[in-house]
A.B. asks: 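Below is the structure I would like to discuss, written out as structure tokens.
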Amino acid sequence: MRTLRARLTPYALIFPGGLWLAIFFVVPTVVMLSLSLQSGNVVDGFAFTFNWHSYVDGVTTYHDQIVRSLLYGLAATVIQIVIGFPVAYWIAFKGANRKSVYLFLVLLPFLVSFVLRTISWQYLLSDNGILLGPLRDAGLLPQDFRILATPAAVIGGLSYNFLPFMILPMYVALERIDPRLLEAAQDLYASRVQTFLRVVLPLSLPGVFAGVLMTFVPASSDYVNASVLGGTNTTMIGNVIQNQYLINQDYPIAAAMSFTLMAVLLVGIFAYARALGTEDVLEVAAR
């Protein structure tokens, strides 16, 4: 009896999480896959016909939006690494007994709705807003200068909204580095640059790897920033999928584009993992 209970205990522990994933991930994914292969319309209904043309038509029509989404997501991810790594490094090595306070400040924007945070940037970056208005009135900016409805505004919004997802994994990786390793490198006459490149950076790769995964995927598939901060020339594939679902009600095309985006992101993630060396990253993380 005890042996049977010991064998069933792990399965009992994972059952709630497995059930949650099955209901809210597996089932919707299967339904969406089925919907992407259907034909019809809202009035007459949809029928499963193995209609692969939805994928071909979607990629052919919206390939510009797909490429734009990937480029915006990549640009935002790079910006977040450039900004987030120094922040995570400073908190990990210079935060002392106030690390929890600094981490709370990083997470503080998450206490406000994602949409409200994005709309606040719309007010800040508007042509006559509190930032650009005074600068334009003072003659420091041209009268036709604008940020809203440009790629810079969308990429900036993506970078801001997902920045904590980059900082936290890198902080965890950096915080695990033994300070004695840095002292040993200095004792061996390594400069600060050499210590960073040969000790800190390799040991922080697991955090960078996790941070890129947690930011690139949602940034590339986001539609809120492009809707609020962008214009007609900055439409992302997330906006296309939203319009197809809610406005055009062309569910097969919307589902097909969702799977296309998922496939493209998975290919990018696997390529990134192979280029970085997943096994090496996991080996470093296990140390």
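Just so it is clear, the values below take in all heavy atoms, side chains as well, and ignore hydrogens, waters and symmetry mates.
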A.B. asks: Output the distance between atom CG (Leu132) and atom CG (Leu141), rounded to the nearest 0.5 Å.
C.D. replies: 6.5 Å
A.B. asks: Could you pull out all donor-acceptor pairs under 3.5 Å where a side-chain atom in residues 13-34 meets a protein atom, sequence neighbours excluded?
C.D. replies:
residue: Thr29; atom: OG1; partner: Phe25; partner atom: O; Å: 2.6
residue: Ser34; atom: OG; partner: Gln38; partner atom: NE2; Å: 3.3

A.B. asks: Taking the six-membered ring for Trp, are Tyr171 and Tyr102 closer than 6.0 Å centroid to centroid?
C.D. replies: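 No.
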A.B. asks: State the CZ-CG distance between Phe196 and Leu182, to the nearest 0.5 angstrom.
C.D. replies: 11.0 Å
A.B. asks: Please check if Leu108 and Leu116 belong to a single hydrophobic cluster, counting links between Ile, Leu, Val, Met, Phe, Trp and Tyr side chain heavy atoms closer than 4.5 Å.
C.D. replies: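 No, it is not one cluster - the side chains of Leu108 and Leu116 are not joined through contacts under 4.5 Å.
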A.B. asks: Identify every side-chain donor-acceptor pair in residues 41-51 under 3.5 Å, counting partners at least two apart or on other chains, and give the distances.
C.D. replies:
residue: Asn41; atom: OD1; partner: Val43; partner atom: N; Å: 3.0
residue: Asn41; atom: OD1; partner: Asp44; partner atom: N; Å: 2.6
residue: Asn41; atom: ND2; partner: Asp44; partner atom: OD2; Å: 3.3
residue: Thr49; atom: OG1; partner: Ser39; partner atom: OG; Å: 2.7
residue: Asn51; atom: OD1; partner: His53; partner atom: N; Å: 3.4
residue: Asn51; atom: ND2; partner: Ser39; partner atom: OG; Å: 3.3
residue: Asn51; atom: ND2; partner: Ser54; partner atom: OG; Å: 3.3

A.B. asks: About how many Å separate CG of Leu229 and CG of Asn161, when rounded to the nearest 0.5 Å?
C.D. replies: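 Going from CG on Asn161 over to CG on Leu229, the span is 8.0 Å.
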A.B. asks: Does Trp90 CH2 have over 12 foreign heavy atoms under 6.0 Å away?
C.D. replies: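 More than 12 within 6.0 Å, yes.
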A.B. asks: Looking only at heavy atoms, what is the nearest atom pair of Leu168 and Leu107, with distance?
C.D. replies: CD1-CD2, 3.5 Å
A.B. asks: Sub-3.5 Å donor-acceptor pair from the side chain of Ser204 to the main-chain atoms of Gly207, do we have one?
C.D. replies: no
A.B. asks: Measure the spacing between CD1 of Ile91 and CG of Leu103 and express it to the nearest 0.5 Å.
C.D. replies: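 Going from the CD1 atom of Ile91 to the CG atom of Leu103 covers 5.0 Å.
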A.B. asks: Do Val82 and Val87 belong to the same hydrophobic cluster, where Ile, Leu, Val, Met, Phe, Trp and Tyr are linked whenever their side-chain heavy atoms lie under 4.5 Å apart, directly or via other members?
C.D. replies: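 Hydrophobic grouping puts Val82 apart from Val87.
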A.B. asks: Over all heavy atoms of both residues, which pair between Ser221 and Leu261 is shortest? Give the atoms and the distance, please.
C.D. replies: CB-CD2, 3.6 Å
A.B. asks: For the aromatic rings, using the six-membered ring if either is Trp, is the centroid distance between Phe216 and Phe165 under 6.0 Å?
C.D. replies: no
A.B. asks: Could you tell me whether the side chain of Arg68 and the main chain of Thr235 form a donor-acceptor pair under 3.5 Å?
C.D. replies: yes
A.B. asks: Are any side-chain N or O atoms of Thr61 and backbone N or O atoms of Gly58, one a donor and one an acceptor, separated by less than 3.5 Å?
C.D. replies: no
A.B. asks: To the nearest 0.5 Å, what is the distance between CD on Gln242 and CD1 on Ile247?
C.D. replies: 6.5 Å
A.B. asks: Any side-chain heavy-atom pair from Leu37 and Tyr55 closer than 4.5 angstrom?
C.D. replies: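 The answer is yes, as the side chains (C-beta and beyond) meet within the 4.5 Å cut-off.
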A.B. asks: State, with a plain yes or no, whether a side-chain heavy atom of Ser220 is found less than 4.5 Å away from one of Leu265.
C.D. replies: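 Yes, their side chains come closer than 4.5 Å.
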A.B. asks: Is there a continuous path of hydrophobic side-chain contacts, each under 4.5 Å between heavy atoms, that joins Ile167 to Ile155?
C.D. replies: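 Per the 4.5 Å side-chain linkage, Ile167 and Ile155 are co-clustered.
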A.B. asks: Taking C-beta and beyond as the side chain, do Ile79 and Ile83 meet within less than 4.5 Å on heavy atoms?
C.D. replies: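 Yes; the side chains approach each other to less than 4.5 Å.
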A.B. asks: So which atom in Val106 and which in Pro164 form the shortest heavy-atom distance, rounded to 0.1 Å?
C.D. replies: O-CG, 3.7 Å
A.B. asks: Which heavy atom of Thr215 sits nearest a heavy atom of Gly211, and at what distance?
C.D. replies: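 Smallest heavy-atom distance, with atoms named: OG1-O, 2.8 Å.
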A.B. asks: If two hydrophobic side chains count as joined below 4.5 Å and joins carry through other members, does Ile147 share a cluster with Leu140?
C.D. replies: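 Yes: a chain of side-chain contacts under 4.5 Å links Ile147 to Leu140.
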A.B. asks: Give a yes or no on whether Phe259 atom CZ has more than 12 heavy-atom contacts from other residues, nucleotides or ligands under 6.0 Å away.
C.D. replies: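 Above 12, so yes.
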A.B. asks: Apply the test side chain to side chain contact (heavy atoms under 4.5 Å, CB included) to residues Ile241 and Tyr223: give CA-CA distance (whole Å), side-chain angles for both, the deciding distance (0.1 Å), then the verdict.
C.D. replies: CA-CA 9 Å; Ile241 295 173; Tyr223 66 92; over 6 Å; no
A.B. asks: Please find the pair of heavy atoms, one from Asn239 and one from Ser227, that lie closest to each other, and give the distance.
C.D. replies: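 Taking Asn239 first and Ser227 second, the nearest heavy atoms are ND2-OG, 2.7 Å.
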A.B. asks: Would you compute the distance between atom CG of Leu246 and atom CD of Gln244 and round it to the nearest 0.5 angstrom?
C.D. replies: 10.5 Å
A.B. asks: Could you check whether any side-chain heavy atom of Phe145 comes within less than 4.5 Å of a side-chain heavy atom of Leu135, counting everything from C-beta outward?
C.D. replies: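 Of all side-chain heavy-atom pairs linking Leu135 with Phe145, none is under 4.5 Å.
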A.B. asks: Decide yes or no for Thr77 and Met166: does some side-chain heavy atom of the first lie under 4.5 Å from some side-chain heavy atom of the second?
C.D. replies: yes
A.B. asks: Anything under 30° is parallel, anything over 60° is perpendicular, the rest tilted; go ahead and classify Phe114 against Phe162.
C.D. replies: tilted
A.B. asks: Cation-pi check for Phe110 against Arg117: NZ or CZ below 6.0 Å from the six-membered ring centre and within 45 degrees of the axis, yes or no?
C.D. replies: yes
A.B. asks: For a 4.5 angstrom cut-off between non-hydrogen side-chain atoms, does Met257 reach Gln65?
C.D. replies: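 Of all side-chain heavy-atom pairs linking Gln65 with Met257, none is under 4.5 Å.
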A.B. asks: For residues Pro109 and Tyr160, report the shortest heavy-atom separation together with the two atoms involved.
C.D. replies: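 Looks like CB-OH, 3.9 Å.
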A.B. asks: For the residue pair Leu158 and Met236, establish whether any side-chain heavy-atom pair is separated by less than 4.5 Å.
C.D. replies: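 Side-chain contact under 4.5 Å: yes.
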A.B. asks: Does the side chain of Leu125 reach to within under 4.5 Å of the side chain of Trp121, using non-hydrogen atoms?
C.D. replies: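 Yes, close enough: below the 4.5 Å cut-off.
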A.B. asks: Per the side chain to side chain donor-acceptor pair (under 3.5 Å) rule, what does the pair list look like for residues 127-156, sequence neighbours excluded?
C.D. replies: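 As it turns out, there is no side chain to side chain donor-acceptor pair (under 3.5 Å) pair with a partner in residues 127-156 once direct neighbours are skipped.
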A.B. asks: Tell me whether Val56 shares a hydrophobic cluster with Leu35, the cluster being built from Ile, Leu, Val, Met, Phe, Trp, Tyr side chains joined at under 4.5 Å.
C.D. replies: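 Val56 does not cluster with Leu35.
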